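Below: one structure, written as structure tokens.
This structure is a prediction, so every number in the text was calculated from the model and none was measured. Both counts, for ligands and for their atoms, begin at 1 and track the order of listing. Positions are given from 1 along the sequence.
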Amino acid sequence: MKALVFHSMKKVTVDTVPDPVIKKSTDAIIKVTSTAICGSDLHIYNGFVPQLKPLVLGHEFMGIVEETGKGVTKLKKGDRVVVPFPIACGHCYFCGHELPGHCENSNPEKYGPEGGLIDQKGGGMFGYTDLYGGYDGGQAEFVRVPYADFGPRIVPAGITDEQVLFLTDIFPTGWSGVDWAELKGGETVAVFGCGPVGLMAQKSAWLKGAQRVIALDVEDYRLENSKRLCNTETINAKNKEEAIEKIRELTNGRGADVCIDAVGMEADRSLLDRVASVIHLEKGTINALKMCLSSVRRGGTVSILGVYGNPYDNFPISQIFDKGITIKCGQAPVHKYIDMLMKLVTEGKIVLNDIITHRLPLDQAAHAYDIFNKKEDGCVKVVLHP
Ligand SMILES: NC(=O)c1ccc[n+]([C@@H]2O[C@H](COP(=O)([O-])OP(=O)(O)OC[C@H]3O[C@@H](n4cnc5c(N)ncnc54)[C@H](O)[C@@H]3O)[C@@H](O)[C@H]2O)c1
Ligand SMILES: [Zn+2]
Ligand SMILES: [Zn+2]
């Protein structure tokens, strides 16, 4: 079959690789009909999350069940499904506590309680390096889906791929960021990042009763998108101090009730920041998180959706303590939200596919990575068709 294979930093190619086969009786093979590229894929592409061996990438995918193992009871050949990105067994302690990203069984080689840099990581994920199980991903014609009775959700007839594809990751992720802040209604929510995850958080904030949604990014075209698609007030974050000041001006000097970091460790950096990173031996930056901590009001909540894969010096714990900030973060518990969010989509309460800017054949996946990474051609979200 054809699949997008990561080889080394910035080197991804569509290769012919062996078809996946059923390895365990609880597996299914899915014929992929639509798959998307995520900001998280860029962390691998840009070398921020290490991967030494070639690996098929992709954790946002859906398709048709091609084959099922003998132990699979809820799916049959021909079913059309969306698949959550965390690989979760469904019966361990964490799966039982709605924390599928921490499944104790899906990442046997590298799992552990510590949360280390290169070991003792969380549960498995599709196409997300050997640290997270080394599973081949879904930017491919076919993909093996473990624990097929627990992850995949059947898509109702009459609903298109594009309507539900983002239930695999970015909609539940954006939703988590807002849900973690436990809005009571009437809040001001500031979302840092107008990439796909940021846009989904902005849409979610309205649905959960925010009175005001402020969106920040350093790319003007992404800010315009956010204003148009998510009805936000926008602020360019290029000048950090000015952006923080603007949020305070809009909120009686207090700051936003909730700040959501939908940027992560590859945030915009000055030359000075880059030099400091070299001195501190740090990969990437916590600039976006720092902006959230400054922009949130005292006693407010910061949800960190953007991925951070490294420790950082000078972590502003004194500011967090002084302001009494609640921080919630982590991989989104997709399984927890997906059925409820599927209902919102099928009932027409939310539209997700308006963020798609590029629809390309899988053959052009390498080009798609390039423009998504460089933010060229107005790129926000690419959907690939195998
Ligand atoms: N927690 C999860 O489960 C989960 C799931 C999916 C993605 N993610 C992570 O969410 C993050 C965003 O993903 P995406 O697909 O939207 O990626 P993306 O790279 O398209 O979006 C990031 C956006 O942040 C903007 N940005 C950079 N510096 C900024 C700053 N200082 N302030 C405001 N905006 C800034 C960029 O211009 C870009 O538009 C990534 O780190 C990704 O790994 C996490
Ligand atoms: Zn993703
Ligand atoms: Zn489990």
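Close to ligand 1: Val218, with a non-hydrogen atom less than 4.0 angstrom away.
The Zn ion (ligand 3) lies under 2.8 Å from an N, O or S atom belonging to Cys95. Among the backbone and side-chain atoms of Asp169, an N, O or S atom lies under 2.8 Å from the Zn ion (ligand 2).
Between Pro196, Gly177, Ala237, Ala215, it is Ala237 that holds the heavy atom closest to atom 30 (C) of ligand 1. Of the listed options Ala262, Ala36, Ser303, Gly39, Ala262 places a heavy atom closest to atom 22 (C) of ligand 1. Comparing Ala201, Cys38, Ser40 by heavy-atom distance to atom 8 (N) of ligand 1, the nearest is Ser40.
Considering backbone and side-chain atoms alike, Glu219 places every N or O at 3.5 Å or more from each N or O of ligand 1. Of the polar atoms of Met291, none of the N or O atoms is found under 3.5 Å from an N or O of ligand 1, judged by distance alone.
Aromatic pair Phe171/Phe166: centroids not less than 6.0 angstrom apart. Aromatic rings from Phe150 and His335 are positioned such that their centres are separated by under 6.0 Å.
Of all the atoms in ligand 1, the ones that sit under 4.0 Å from a non-hydrogen atom of Arg222 are 18 (P), 20 (O), 21 (O), 38 (C), 39 (O). Each of the atoms 20 (O) of ligand 1 lies under 4.0 Å from some heavy atom of Phe372. Atoms of ligand 1 found under 4.0 Å from any heavy atom of Gln331, numbered from 1 in the order shown, are 1 (N), 2 (C), 3 (O).
Classification of the Phe126-Phe61 ring pair by plane angle, with boundaries at 30° and 60°, yields perpendicular.
Here the angle at the Zn ion (ligand 3) defined by SG in Cys103 and SG in Cys89 stands at 100°, rounded to 10 degrees.
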